[in-house]
There are 2 protein chains.
Amino acid sequence: MAEQAETLRRTPLNRDRILRAAVTLADGAGIESLSMRNLAQELGVVPMALYKHVANKDELLDGMIDVVVGEIEPLTPGVGWQPAIRRRVLSARQVLRRHPWASLAIESRSAATPAVLGYLDSMIGALRAGGLSADLTHHVMHALGSRILGFSQELFDASRQAGRTGPTTPAPPAPLPPEVAARFPHVAEIATAAAHDTGTVVGAGCDDQFEFEFALDLLLDGIERLRARGWTSAH
Amino acid sequence: MAEQAETLRRTPLNRDRILRAAVTLADGAGIESLSMRNLAQELGVVPMALYKHVANKDELLDGMIDVVVGEIEPLTPGVGWQPAIRRRVLSARQVLRRHPWASLAIESRSAATPAVLGYLDSMIGALRAGGLSADLTHHVMHALGSRILGFSQELFDASRQAGRTGPTTPAPPAPLPPEVAARFPHVAEIATAAAHDTGTVVGAGCDDQFEFEFALDLLLDGIERLRARGWTSAH
DNA sequence: ATTGACAGGTGTACGGCGTACACCTACCGT
DNA sequence: ACGGTAGGTGTACGCCGTACACCTGTCAAT
C-alpha cells in the first residue's frame with residue numbers, strides 16, 4: 001500500500017522530466033547549484049538514476065539549452081525580413097531573461113546543439129528570403145553575433161560593482177559607489193547620463209530594453225543600407 | 001647547501017608570479033585544468049601556499065583578467081575617435097586571441113574588476129572627446145558590448161560541430177559534416193558562402209578577422225552617422 | 001645576544017563534485 | 001514459468017576548493 005502510493009506519487013522519470021526539472025532548478029537556485037546530486041534530490045531519486053537518461057552533465061546542459069531555445073517563438077510569416085528578425089530576436093531576449101543562466105551556458109558549450117542550429121538555420125532562411133546575398137547573410141550573422149540569440153554581454157553594467165548577489169535577487173538598482181565614481185569619472189558620467197524615464201536621481205540602472213533595441217536597430221539599419229546598395233564583398 | 005640551492009632556485013612566490021603562472025597555465029592547458037592544485041604544482045609549492053597571496057580562486061581569476069586587460073595597448077593619441085577606438089578594439093581582440101579562456105572568464109564574473117573599469121573608462125573618454133554626447137556614448141557602449149573588449153561570440157561557427165577538441169588543437173578547419181548540411185540547408189549555404197580567399201573547396205572556416213571588422217565597422221559607421229546628425233535621445 | 005612577532009610555506013582533513021561499476025528488481029514477450 | 005532487459009540503487013574513487021593548525025626563517029626591539 002505504502003509502496004503503491006509511492007509508486008503512484010512519482011512518474012517514472014524520463015529525459016524530459018529531468019530536463020524540465022533542471023531548468024527550473026537553474027532558474028530558481030542559480031546554475032551553480034545545479035549538481036547531479038541536487039537535481040536527483042529534487043526529483044526524489046538517487047543521483048545515478050539520472051545517468052540512465054542523460055549521458056553526463058554536459059549532455060544535460062545541452063538538453064537544457066534545447067528546452068530554452070524551444071521557448072523562442074517561431075518566425076512571424078508575411079512581414080519583411082527586418083521586422084521578422086527583430087521580433088524573433090526580441091522574443092529570444094525575453095526567453096533568456098527568464099533563464100539568466102542560459103546565455104553563459106550556450107557560450108561555454110563547444111558545439112552548437114541541433115536546436116540552436118535549427119534556430120540559426122531558420123534565421124538565415126529569413127535573411128536570404130529578404131533578399132540578402134549568401135555572402136552578406138554570412139557576415140550579418142557574425143555581426144549580430146550573440147544578439148541573435150537574445151543576449152549581449154552586460155559587461156558595461158558598472159553597478160554590478162558590489163559583491164555578487166544570489167540569483168534570487170535579480171538586480172537591485174544599486175547606485176554607483178562614490179569611490180568608484182571618483183576613480184572612473186567617465187564611467188560615472190555615462191552611468192548617470194541615460195537614466196531615462198526612471199525618475200530616481202542617483203543614477204539608477206539604465207533601461208536595458210532600450211539599450212538592446214538601440215544596438216539591434218543600429219545593426220539592422222546598417223544591414224538594410226548595405227542590402228539596398230546591392231552589397232557584395234569588396235574583400 | 002642543497003637547501004640553499006633550493007632556496008635560490010625558487011623566487012619567493014608573490015601574487016604577480018602566481019597570476020602570470022596561472023595565465024600561462026590557462027593558455028597552455030585550458031582553463032578547465034587550472035586548479036589550485038595544478039597551479040601550485042607548476043610553481044613547485046603546496047596548494048595552500050597560494051592562499052597567502054590570493055584570497056580564493058575567484059580572486060585569482062580576477063587577477064588573471066587584470067593581467068590580460070593590461071596587455072591591451074593604450075589609446076593612440078592624436079587621431080579621430082573612430083580610428084582610435086577601432087585600433088584599440090582590434091588590439092584587445094589580438095590579446096584575447098592569445099588568451100582564449102579570458103572572454104568567458106570576463107563574462108562569468110559578476111562584477112567588473114578595476115582594470116576592466118579603467119579600460120572602459122578610457123574608452124568612454126575617447127568617445128566623449130570625439131564629440132559624442134554622454135547619452136549617445138552610453139548607448140554606444142551598450143551597442144558595442146563585448147566587442148569593445150575584443151570578443152564576440154562565435155556561436156555561429158557551425159563547424160565546431162564535432163566533439164570538443166582540447167585547447168591544444170586551436171581550430172582545425174573542419175568541414176561541415178554532410179548530415180548536418182542536409183538538416184540545416186541555410187546554415188550550410190552560409191557556411192560555404194564566405195570562404196573568401198582560402199582556396200579550399202569544402203567550406204573551410206571563414207575569415208574571422210574579416211567578420212570581426214565587418215561588424216565593428218557596421219557599428220562604428222552607424223554611430224558616426226548618428227553623431228553627425230547631432231543625435232539626441234528621442235526616447 | 002635574546003626574544004617574540006609575524007610573514008609565508010606545509011600537512012591534514014572535510015565536504016562536495018561527477019561518475020564508474022556492480023547490484024537489485026519489476027516487468028514483458030516467449 | 002522464465003530469461004532478458006530497462007531502470008532505480010549503493011558504494012566507491014579521484015578530483016575540487018579551502019578551513020585550520022602547524023612549522024620555520026627573518027628581523028626589530030629589547
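Quick note on labels: first sequence line is chain A, next is B, and so on, each numbered from 1.
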K.L.:
By nearest heavy atom, map A:A49 and B:S35 onto DNA chain D; which one lands nearer the 5' end?
P.N.:
A:A49
K.L.:
Measure from CG on A:N14 to P on D:dA6 and round the result to the nearest Å.
P.N.:
16 Å
K.L.:
Classify the side chain of B:R37 versus the base of D:dG17 as yes if they form a donor-acceptor pair under 3.5 Å and no if they do not.
P.N.:
yes
K.L.:
Quick check: are there more than 12 heavy atoms from other residues, nucleotides or ligands sitting under 6.0 Å from CD of A:E59?
P.N.:
yes
K.L.:
Using a 4.0 Å heavy-atom cut-off, does A:K57 contact any base of the nucleic acid, only the sugar-phosphate backbone, or nothing at all?
P.N.:
sugar-phosphate
K.L.:
Whole angstrom is fine here: how far is it from CG in A:L50 over to C1' in D:dT9?
P.N.:
12 Å
K.L.:
Could you check how far CG of A:L39 sits from P of C:dC17, rounded to whole Å?
P.N.:
12 Å
K.L.:
Starting at atom CG of A:D58, determine the distance to atom P of C:dC17, rounded to an integer number of angstrom.
P.N.:
17 Å
K.L.:
To the nearest Å, give me how far apart OH (A:Y51) and P (C:dG18) are.
P.N.:
6 Å
K.L.:
Could you walk me through whether A:L144 and A:L216 pass side-chain contact (heavy atoms from CB on, under 4.5 Å), step by step?
P.N.:
CA-CA 8 Å; A:L144 288 172; A:L216 181 57; 4.2 Å; yes
K.L.:
Roughly how many Å is it from CE in A:M36 to P in C:dG15, rounded to a whole number?
P.N.:
23 Å
K.L.:
Using atom CE of A:M48 as one end and atom C1' of C:dC24 as the other, report the distance to the nearest whole Å.
P.N.:
15 Å
K.L.:
Over how many whole Å does the gap from A:K52 atom NZ to C:dC23 atom C1' extend?
P.N.:
10 Å
K.L.:
I need the single residue from B:K57, B:R15, B:R109 that forms a salt bridge (charged side-chain N to carboxylate O under 4.0 Å, His left out) with B:D62. Which is it?
P.N.:
B:R109
K.L.:
Any salt bridge between B:R87 and B:E73, counting N to O under 4.0 Å?
P.N.:
no
K.L.:
Whether B:H53 contacts C:dA7 is assessed here as follows: a side-chain N or O lying under 4.0 Å from the phosphate OP1 or OP2. Is that the case?
P.N.:
no
